[in-house]
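Throughout, numbering of the chain's residues begins at 1 and tracks the sequence. When reading the values below, keep in mind they use all heavy atoms of this one structure, side chains included, and skip hydrogens, waters and symmetry mates.
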Amino acid sequence: MVTVSTLGSHCALQLLKGAKDEGLDTLLVCEKRRLSLYSRFSFIDKIVPVDSFTDILQEPCASEIQDTILIPHGTLISQLDSEKIESIQTPIFGNKYILKWESDRELKEQMMRKADLPVPKAINSPDDIDDMVIVKRQGAAGGKGYFMASTTQEYHTRRKSLIADGVISPDEPLYIQRYVSGVLAYLQFFYSPIRDEVEFFGCDQRHESDIEGISRIPASNQITSSTPSFNVIGNSPLVLRESLLDEAYKMAERFVDAARRLASPGMNGPFCIEGVYDADAKFSAFEFSARIVAGTNIYMNGSPYYNLLFNEPISMGRRICREIKDAIAVNSLKNVIT
């Protein structure tokens, strides 16, 4: 029997419930402070308690997960750098080498441009800021430490504020990108190397604190000297106009092709193209996630689009585990793990 493992955070419940629904065994690496939460769920067969998620690189945790298939998510990327992830001996679902491209903003932009995605302009230096920009950290920070600025002085003031609050370090590199306004849309996909097919899973929007709360305050009462946070608190579903679906598929297919050329063996499994639709319904892609995203948690009982494809309720977690089963059935497990 195959055992699926993951870290106790982000979308672990969805992943392990999906594994159990597909008849697979489940293992959770869980920080001791969260044991009471995850002990509630009967579909988790085994819990390996750790002091920190970095313990997966050490004994005895490394041996506990050795014979499992580890499903990566945002917490793995935020806790371990790409070199440490690549050093993990446990088989990892998807392509662990592409996670480096997600974690590095310059590499990320390179891949998106190779895929011919409409990417907002990157600003090379704070001195070049002449319009509204959004400033981002490297890796999967969940929006924590992001800020907006419209002048060079504003950039330096807000950066210093975050350093003083201990949110970012003084030498932390930040990525500056032209801000594009419109409707935020996080497009969720799955590429199956077994079927050689891109699937559109769904779409979500993210609720960020405290920038979302500020938008409900009259402009005259807003405190402009503060540095509002973009920390993600939760997600809600978004159903796209049907006329937008064709271009969504085409963007995903171009991205899969670019990933295959730049980061062999390519973009296998779940991924997300994240951006904004403007007033003309034109999409600007500001980043991607090369693994399952937390926004898929809103579709634990299946998304509207997957109901069209599979005619049964399938979460992204279950879709991953079905791919593992399908790969085993055709003796191609090596094509879905690294």
Side-chain angles (χ1 to χ4, degrees), residues 6-18 28 30-31 33-34 36-38 40-41 43-44 53 71-79 102 134-137 139-148 162 165 167 179-190 200-217 222 226-240 248 270-277 283 285-307 313-320:
T6 197
L7 305 185
S9 180
H10 196 268
C11 54
L13 294 174
Q14 179 200 158
L15 285 168
L16 298 187
K17 177 62 164 59
L28 183 75
C30 182
E31 290 179 321
R33 62 189 177 93
R34 290 182 173 172
S36 61
L37 168 63
Y38 290 103
R40 301 171 186 269
F41 302 99
F43 53 81
I44 302 176
F53 287 132
I71 312 296
H73 53 60
T75 299
L76 182 72
I77 299 170
S78 66
Q79 295 292 311
E102 175 184 342
I134 184 165
V135 184
K136 305 176 181 180
R137 303 173 70 187
K144 188 175 182 180
Y146 291 16
F147 63 91
M148 295 175 67
L162 290 172
D165 292 339
V167 177
Y179 181 77
V180 179
S181 64
V183 176
L184 290 170
Y186 296 78
L187 310 179
Q188 307 155 359
F189 300 94
F190 187 94
F200 181 57
F201 176 76
C203 184
D204 76 283
Q205 291 190 318
R206 297 177 188 177
H207 299 281
E208 300 158 326
S209 181
D210 47 12
I211 191 68
E212 188 167 307
I214 289 175
S215 68
R216 294 192 291 268
I217 299 174
Q222 292 181 15
S226 64
T227 303
S229 166
F230 287 80
N231 194 26
V232 178
I233 301 302
N235 307 75
S236 60
L238 179 68
V239 176
L240 291 180
F271 63 100
C272 184
I273 299 176
E274 304 161 7
V276 59
Y277 284 97
F283 189 77
F286 47 71
E287 56 186 295
F288 70 82
S289 296
R291 34 75 194 178
I292 187 172
V293 292
T296 59
N297 284 334
I298 59 181
Y299 301 118
M300 287 195 194
N301 199 38
S303 76
Y305 301 103
Y306 258 27
N307 186 54
I314 300 179
S315 68
M316 182 62 84
R318 187 171 185 178
R319 179 66 188 90
I320 291 169

inquiry  = Over 60° means perpendicular and under 30° means parallel, so tell me whether Phe271 and Phe189 are parallel, tilted or perpendicular.
reply    =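 Ring orientation of Phe271 relative to Phe189: parallel.
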ask   = When you look at CG of Asn307, are more than 12 heavy atoms from neighbouring residues, nucleotides or ligands closer to it than 6.0 Å?
value =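 Atom CG in Asn307 is packed in, count exceeds 12.
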message = For Lys17, I'd like to know if atom NZ has over 12 heavy atoms of other residues, nucleotides or ligands within 6.0 Å.
response =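 Atom NZ in Lys17 is not packed in, count stays at 12 or less.
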Note, [X] side chain near [Y] side chain (heavy atom, < 4.5 Å):
| X | Y | value |
| --- | --- | --- |
| Arg319 | Pro270 | no |
| Glu31 | Ser9 | no |
| Leu240 | Leu187 | yes |
| Glu102 | Arg291 | yes |
| Phe286 | Leu184 | yes |
| Val293 | Tyr186 | no |

Considering all heavy atoms, the nearest [X]-[Y] contact:
| X | Y | answer |
| --- | --- | --- |
| Pro313 | Arg318 | O-NH1, 3.8 Å |
| Ile292 | Cys11 | CG2-SG, 3.6 Å |
| Tyr38 | Cys30 | CD1-SG, 3.7 Å |
| Gly317 | Gln14 | N-OE1, 2.8 Å |
| Gly8 | Arg34 | O-NH1, 3.3 Å |
| Tyr305 | Val239 | OH-CG1, 3.4 Å |

Polar side-chain atom of [X] near backbone of [Y] as donor-acceptor pair, under 3.5 Å:
| X | Y | answer |
| --- | --- | --- |
| His73 | Ala294 | no |
| Asn297 | His10 | yes |
| Thr6 | Ile71 | yes |

query = When the aromatic ring centroids of Tyr306 and Tyr299 are compared, is their separation below 6.0 Å?
reply =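 Here the rings of Tyr299 and Tyr306 have centres that are no less than 6.0 Å from each other.
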message = I want to know whether Phe190 and Phe201 have ring centres closer than 6.0 Å.
response =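 Ring-ring flag for Phe190/Phe201: false, centres at least 6.0 Å apart.
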